[in-house]
Amino acid sequence: MTKLRVAVLSFAHGHALSYARILQRDPSVDLIATDPDGSGPDRGRGAADELGVAYVDSYDDAFAWGPDAVVVTTENSGHLALVERAVQAGIHVLCEKPLATRLEDGTRMVAAAADAGVRFMTAYPVRFAAAFAELRRRVADGELGRVLAVHGANNGKMPGGDSWFTDPELAGGGSLVDHVVHCADLFDALLGVEPTTVRAVANDILHPEIDGRVETGGIVTLQYPGGVIGTIDCSWSWPDASPTWGGLQLEVIGTRGSVRVDPFAQHLGGFEATGPLWIGTGDDLDEAMIAEFLDAVASGRTPQPDGGAGLRTLRIVDAAQRSARAGGAPVAPA
C-alpha cells in the first residue's frame with residue numbers, strides 16, 4: 001500500500017508536537033517535518049529528533065519531497081504563504097487556528113483552496129469530543145426545545161509564556177484571537193448560522209510582564225438570527241503553576257432544558273514530588289481530528305471543520321477586535 005506523504009510545517013504552535021506524534025504512529029503515513037523559522041535547534045531538528053521524525057532544513061525541501069498533505073502550524077502570520085503555496089501545488093492542508101491574522105488573508109486562503117480543488121481543514125479538535133457530539137444531537141433533535149442562549153468559556157494559561165503568542169504581528173492579537181475561535185466554532189456547528197452582531201470588551205491587566213502588547217482577557221457577546229444570544233469568556237487567566245493548560249466549557253440553554261459539557265474535565269488528579277498532577281484520561285481529540293483529515297484526503301471528501309468554518313470564526317474574531325477597539329460598540333461581522 002502506498003503511504004500518504006505528510007509534512008508538518010513548523011513546530012511554532014504547541015499542538016504541532018501532538019499532531020506529529022499521532023502522524024508518526026500511523027502506519028499509513030510517511031512523515032517529515034521542518035521548522036526553518038525556529039528561534040533555536042530545540043524547536044526544529046531537536047523536536048523532530050525527540051519524536052523520531054525525519055527532518056528537512058527548509059520549506060523548499062519539504063515541498064520538494066512531494067507531500068500529499070501538509071499540516072501548517074507556524075506562527076499565525078505565517079499561515080497564508082504556506083497554505084497558498086501548498087494548494088497551488090495541489091497539496092491538501094490542515095491549518096492550525098486561527099486561519100490568519102487578517103480577515104482578508106483568511107478569505108484568500110479559502111478561495112485558493114476552493115479554486116485548486118484541494119481538501120482544506122481548520123484545526124478545531126474540540127469538535128470531536130464525544131460530549132459535544134451528544135450535545136449537538138440533542139440540539140438537532142429538539143430535546144432542549146428552542147435554543148435561547150449558548151455560553152462558552154475558554155480560559156487557560158498564557159500560551160508558551162512570553163512567546164510569539166504575545167507579539168501582535170505574529171499572533172494577530174491576544175486572548176481574543178487565541179481563545180474565542182474554539183467556542184465560536186462550536187456555536188457555528190450547533191446553530192448553523194452566523195451572528196448578526198458582535199460586542200466585545202477586553203483588557204490587559206493579566207500578565208503585566210508583557211507590557212500590554214496584547215489583550216489577556218475579554219468577554220464577547222454575539223446576537224444570532226432568531227434572538228439567540230451567545231457569550232464567550234476568553235482569558236489567559238490560569239497561573240503558570242496550574243497542573244494543566246486550562247479548559248473549555250460549553251452550555252446551551254433552551255426552552256425545555258439546558259446542558260453543560262466540559263470536554264477536558266476527565267482526568268487523573270493528585271500530587272507528585274514536583275507539585276499537582278493532572279493526567280487527562282478522556283478521548284484524544286487531536287487523534288480524532290487527524291483521523292478525519294487523513295480519511296477525507298484518502299476518500300476525496302470535504303473534511304469537517306473545513307476552511308469555511310475557519311473563515312466564519314475568523315469573521316467573529318475580526319468583529320470582536322473592532323468592537324473592543326470601539327469600547328464594546330456593536331459590530332457586524334464583515
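Bear in mind the structure is a predicted one, so any value in this text is a computation, not a measurement.
- Residue-environment remark: CG (Asp283) stays at or below the threshold of 12 foreign heavy atoms within 6.0 Å.
- For the atom pair Ser18 OG and Glu287 CD, the distance stands at 8.5 Å (nearest 0.5 Å).
- Although no hydrogens or angles enter the test, the distance criterion places no donor-acceptor pair under 3.5 Å between the side chain of Ser242 and the main chain of Thr244.
- Cluster annotation: Phe264 is connected to Leu250 through the hydrophobic network of ILVMFWY side chains, with a link wherever side-chain heavy atoms come within less than 4.5 Å.
- Side-chain atoms of Asp204 do not come within 3.5 Å of backbone N or O of Glu215 as any donor-acceptor pair.
- In plain terms, the two heavy atoms of Phe11 and Gly44 that are nearest each other are CE1-O, 3.8 Å.
- Residues forming a salt bridge (Lys or Arg N to Asp or Glu O under 4.0 Å) with Asp284 (at least two apart in sequence, or on another chain): none.
- Asp185 is linked by a salt bridge (Lys or Arg N to Asp or Glu O under 4.0 Å) to Arg127, counting only residues two or more places apart in sequence or in another chain.
- The closest side-chain heavy-atom distance from Leu148 to Ile229 is not below 4.5 Å.
- Across all their heavy atoms, Ala332 and Arg322 have their closest contact at O-NH2, 3.0 Å.
- Residue Ile279 is found in a hydrophobic cluster whose other members, listed by chain and number, are Leu268, Leu277; membership requires side-chain heavy atoms under 4.5 Å apart, directly or through intermediates.
- Rounding to the nearest 0.5 Å places CG of Asp105 at 9.0 Å from CG of Leu314.
- Listed for the Glu96 side chain is no donor-acceptor partner under 3.5 Å among the backbone atoms of His15.
- Put simply, CG on Asp35 and OG on Ser58 are 12.0 Å apart, with the number rounded to the nearest 0.5 Å.
- Side-chain contact between Val8 and Val53 is absent, with no heavy-atom pair separated by less than 4.5 Å.
- Taken from CG in Leu186 to CG in Leu135, the straight-line distance is 9.0 Å, to the nearest 0.5 Å.
- Closest heavy-atom contact between Gly307 and Thr122: CA-OG1, 3.7 Å.
- Across all non-hydrogen atoms, the minimal contact from Ala16 to Thr73 is CB-OG1, 3.4 Å.
- Remark: Ala69 pairs with Val6, His92, Phe293 by the side chain to side chain contact (heavy atoms under 4.5 Å, CB included) rule, at least two apart or across chains.
- Remark: Asp30 engages no residue in a side chain to side chain donor-acceptor pair (under 3.5 Å) (not counting sequence neighbours).
- Annotation for Ala189 and Phe132: closest pair CB-CZ, 3.9 Å, computed over non-hydrogen atoms.
- Atom CD of Glu292 sits about 10.5 Å away from atom CG of Leu94, to the nearest 0.5 Å.
- At a threshold of 4.5 Å between non-hydrogen side-chain atoms, the residues Val150 and Val147 count as touching.
- By the 4.0 Å N-to-carboxylate-O rule, Arg45 lies too far from Asp49 to be salt-bridged with it.
- In the hydrophobic clustering of ILVMFWY residues, with side-chain heavy atoms under 4.5 Å counting as a link, Leu170 and Val72 come out apart.
- Hydrophobic clustering (side-chain heavy atoms under 4.5 Å, transitive across Ile, Leu, Val, Met, Phe, Trp, Tyr) groups Leu222 together with Leu248.
- Looking only at atom types and distance, the side chain of Arg213 has a donor-acceptor partner in the side chain of Thr166 under 3.5 Å away.
- Applying the side chain to side chain donor-acceptor pair (under 3.5 Å) test to Arg312 and every residue at least two apart in sequence or in another chain returns Asp188.
- A salt bridge links Asp178 and Lys97; the closest N-O separation between the charged side-chain nitrogens and carboxylate oxygens is under 4.0 Å.
- A salt bridge does not link Asp306 to Arg119: none of the charged nitrogens lies less than 4.0 Å from a carboxylate oxygen.
- Val220 approaches Ala200 most closely through the heavy-atom pair CG2-CB, 4.0 Å.
- Without hydrogens or angle criteria, Trp164 side chain to Ala12 main chain gives a donor-acceptor distance under 3.5 Å.
- The side chain to side chain donor-acceptor pair (under 3.5 Å) test applied to Thr221 returns no partner, not counting sequence neighbours.
- For the pair Thr34/Asp57, no side-chain contact is recorded, criterion being any heavy-atom separation below 4.5 Å from C-beta on.
- Contacts classified as side-chain hydrogen bond (donor to acceptor under 3.5 Å, both in side chains) and involving residues 128-152 (residues at least two apart or in different chains) are given here: Glu134-Arg137, Glu134-Arg138, Arg137-Asp141, Arg137-Glu143, Arg138-Glu143, His151-Thr231.
- Hydrophobic clustering, with ILVMFWY side chains joined whenever heavy atoms are under 4.5 angstrom apart, groups Val29 together with Val297.
- Between Arg108 and Asp115 there is no salt bridge, since no side-chain N of the basic residue sits under 4.0 Å from a carboxylate O of the acidic one.
- In this structure, His182 and Pro125 have side chains that are in contact, with non-hydrogen atoms separated by less than 4.5 Å.
- Taking the charged nitrogens against the carboxylate oxygens, Asp68 and Arg5 have no contact shorter than 4.0 Å, which rules out a salt bridge.
- Look at Arg315 and Glu104 and you find no salt bridge, because none of the NZ, NE, NH1 or NH2 atoms lies under 4.0 Å from a carboxylate O.
- Between the side chain of Ser175 and the backbone N or O of Trp236, no donor-acceptor pair lies under 3.5 Å.
- Counting heavy atoms from C-beta outward, Ile316 and Val180 have side chains that approach closer than 4.5 Å.
- To the nearest 0.5 angstrom, Cys95 atom SG is 11.5 Å from Met121 atom CE.
- In this structure, the salt bridge (Lys or Arg N to Asp or Glu O under 4.0 Å) partners of Asp295, at least two apart in sequence or on a different chain, are Arg301.
- The closest donor-acceptor contact from the side chain of Lys157 to the backbone of Asp240 lies under 3.5 Å.
- Screening residues 254-280 for side-chain hydrogen bond (donor to acceptor under 3.5 Å, both in side chains), with sequence neighbours left out, gives no hits.
- Residues satisfying the side chain to side chain donor-acceptor pair (under 3.5 Å) criterion with Asp233, sequence neighbours excluded, are Asn155.
- In this structure a side-chain-to-backbone donor-acceptor pair under 3.5 Å is present from Gln24 to Gly52.
- A donor-acceptor pair is defined here as one N or O able to donate and one able to accept, closer than 3.5 Å; such a pair exists between the side chain of Thr196 and the backbone of Gln223.
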Which is it for Glu50 and Arg43 under the salt bridge (Lys or Arg N to Asp or Glu O under 4.0 Å) test, yes or no, and what are the steps along the way?
CA-CA 10 Å; Glu50 181 180 344; Arg43 203 185 89 172; over 6 Å; no
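- The side-chain heavy atoms of Phe165 and Val177, taken from C-beta on, include no pair separated by under 4.5 Å.
- The hydrophobic clustering, which links ILVMFWY residues whose side-chain heavy atoms are closer than 4.5 Å, places Tyr124 and Leu176 together.
- Between Leu311 and Leu103 there is a side-chain heavy-atom pair separated by less than 4.5 Å.
- Counting only residues at least two apart or on different chains, no ring pair (Phe, Tyr, Trp, His ring centres under 6.0 Å) pair has a member in residues 42-75.
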